[in-house]
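Along the sequence shown, the residues carry numbers beginning at 1.
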Amino acid sequence: MRFYSTILKQLPDDKLPLILENVKKSVRGHPVPIKNTYWYNVYRNILENNRSLFIIQNNNLKAQQMQTIKATLKSKDWGLLQVHNRMFKAAVRDQFGKSEKSKLQVMTVGSCLLAFNNASDELRPTLLKDLGDAVKKTDLDLMGGSLDNMLLTRDLYEQVLAMPPLSVQRQMLLGLLESPARGLIGLLGTNPSLLVGLLEQRKE
């Protein structure tokens with residue numbers, strides 16, 4: 001009962017009958033155990049309905065520490081769920097195909113957790129920082145993830161955290177557009193692909 005009560009919280013009611021009627025099958029055509037089918041659908045639902053997805057490696061975190069970080073992230077609108085690697089990777093493959101976000105599979109090594117959030121930048125301007133701050137206080141290791149359609153490796157995630165908020169970036173660009181072109185070139189020269197990519201993904 002504990003397993004089903006945990007899973008059902010992550011699945012919309014209207015999907016349950018459909019899931020039970022269309023049990024996922026293995027590559028060889030054998031029915032997948034119902035528990036695995038539920039996990040697969042839980043992950044597919046999360047991947048489909050959240051703009052922020054991050055893989056966190058669980059380095060033997062104690063039960064009390066796990067409860068603490070779950071409560072901390074929940075207060076910041078982040079969800080946190082244990083990853084069953086095989087079913088999660090299957091869900092990622094089916095959801096994202098050969099896109100950049102399919103590389104979330106590579107980040108899933110060993111015992112992992114999935115942090116997810118669908119809040120907008122306007123609602124949660126410190127979204128990524130909140131996640132990073134919570135993880136740094138534990139023995140967890142943030143492997144990377146995705147924001148909208150942009151894949152963020154661990155190094156790229158750190159670069160994003162070091163950047164000013166989006167509203168400040170827009171003001172900076174607006175000011176530079178009104179100044180000599182040389183100033184704009186100087187700013188973009190710091191990391192053009194990262195800056196342009198973020199603005200494109202997070203534009204209104």
Side-chain angles (χ1 to χ4, degrees), residues 2-3 5-12 39 42-85 87-89 91-92 95-96 100-169 191 194-195 197-199 201-202:
R2 182 178 180 181
F3 162 74
S5 63
T6 301
I7 295 300
L8 294 179
K9 292 178 182 178
Q10 304 295 337
L11 288 173
W39 276 118
V42 165
Y43 298 138
R44 281 297 298 269
N45 184 59
I46 291 174
L47 296 174
E48 182 179 350
N49 295 294
N50 291 275
R51 61 186 295 259
S52 301
L53 303 162
F54 284 87
I55 306 299
I56 302 172
Q57 196 167 64
N58 180 8
N59 299 317
N60 299 318
L61 206 65
K62 295 181 180 179
Q64 184 59 47
Q65 293 175 306
M66 183 65 72
Q67 292 177 4
T68 299
I69 190 172
K70 280 187 175 182
T72 300
L73 290 176
K74 184 177 181 181
S75 69
K76 304 294 184 180
D77 294 332
W78 280 95
L80 191 65
L81 195 64
Q82 180 69 40
V83 169
H84 294 259
N85 292 7
M87 300 314 298
F88 176 73
K89 290 180 179 181
V92 170
Q95 182 68 33
F96 300 129
E100 276 291 291
K101 294 176 74 170
S102 66
K103 294 179 181 178
L104 288 172
Q105 301 176 69
V106 181
M107 300 176 184
T108 310
V109 179
S111 178
C112 292
L113 303 168
L114 173 64
F116 53 95
N117 193 313
N118 198 40
S120 65
D121 295 318
E122 288 73 19
L123 181 62
R124 284 290 183 187
T126 59
L127 184 74
L128 298 184
K129 184 177 183 300
D130 292 338
L131 176 63
D133 289 346
V135 170
K136 287 178 181 178
K137 295 178 181 178
T138 67
D139 293 328
L140 299 174
D141 190 9
L142 199 150
M143 306 301 292
S146 65
L147 178 65
D148 295 321
N149 292 322
M150 186 177 185
L151 187 76
L152 296 177
T153 62
R154 179 164 27 193
D155 291 340
L156 192 54
Y157 172 79
E158 293 295 335
Q159 291 182 46
V160 172
L161 288 185
M163 296 179 69
L166 184 60
S167 59
V168 176
Q169 293 178 38
N191 198 331
L194 175 60
L195 182 59
L198 283 172
L199 292 174
Q201 294 298 333
R202 303 167 79 176

On a heavy-atom basis, the closest approach of F116 and L80 is CE2-N, 3.8 Å
Check your understanding: Would you say the side chain of N59 lies within less than 4.5 Å of the side chain of L140, judging by non-hydrogen atoms?
Key -> no
Shortest non-hydrogen pair, A119 vs L127, comes out as O-CD2, 4.2 Å
With sequence neighbours left out, the residues meeting side chain to side chain donor-acceptor pair (under 3.5 Å) with Q57 are none
- Query: Would you say T138 and Q65 make side-chain contact, with heavy atoms under 4.5 Å?
  - Reply: no
4.5 Å side-chain heavy-atom contact, S111 and Q82
yes
| request: Measure the shortest side-chain to side-chain distance between R124 and D77 over non-hydrogen atoms and say whether it is less than 4.5 angstrom. | output: yes
Between L128 and L147 the two heavy atoms that sit nearest each other are CD1-CD2, 4.2 Å
dist L151:CG -> E100:CD (nearest 0.5 Å) comes out at 5.5 Å
All heavy atoms of I46 vs all of L81, minimum pair found to be CD1-CD2, 3.7 Å
Do the rings of Y43 and F88 sit parallel, tilted or perpendicular, given the 30° and 60° boundaries? perpendicular
Open item on the list: Given 3.5 Å as the limit, does a donor-acceptor pair link the side chain of W78 with the main chain of T72, or not?
Closed with: no
Within the 4.5 Å heavy-atom criterion, are N58 and M66 side-chain neighbours or not?
yes
**Q.** N117 (side chain) donor-acceptor with N50 (main chain) under 3.5 angstrom
**A.** no
Interatomic distance, CZ@R44 vs CE@M87, rounded to 0.5 Å, equals 11.0 Å
Are any of the side-chain heavy atoms of L47 and K101 separated by less than 4.5 Å? no
Residues pairing under salt bridge (Lys or Arg N to Asp or Glu O under 4.0 Å) where one sits in residues 133-142, two or more places apart or in two chains, turn out to be K129-D133, D141-R154
task: Show your reasoning for whether side chain to side chain contact (heavy atoms under 4.5 Å, CB included) applies to Q105 and V92.
output: CA-CA 7 Å; Q105 301 176 69; V92 170; 3.6 Å; yes
When every non-hydrogen atom of L131 is compared with those of I56, the smallest separation belongs to CD1-CD1, 4.1 Å
### Query
Is a donor on one side and an acceptor on the other found under 3.5 Å between the side chain of N118 and the backbone of R51?
yes
Shortest non-hydrogen pair, N85 vs V83, comes out as OD1-CG1, 3.3 Å
Exercise for review: State, yes or no, whether a side-chain contact exists between I69 and L61 at a heavy-atom distance under 4.5 Å.
Suggested key: yes
*Side-chain heavy-atom pair K76, L73 within 4.5 angstrom cut-off*: no
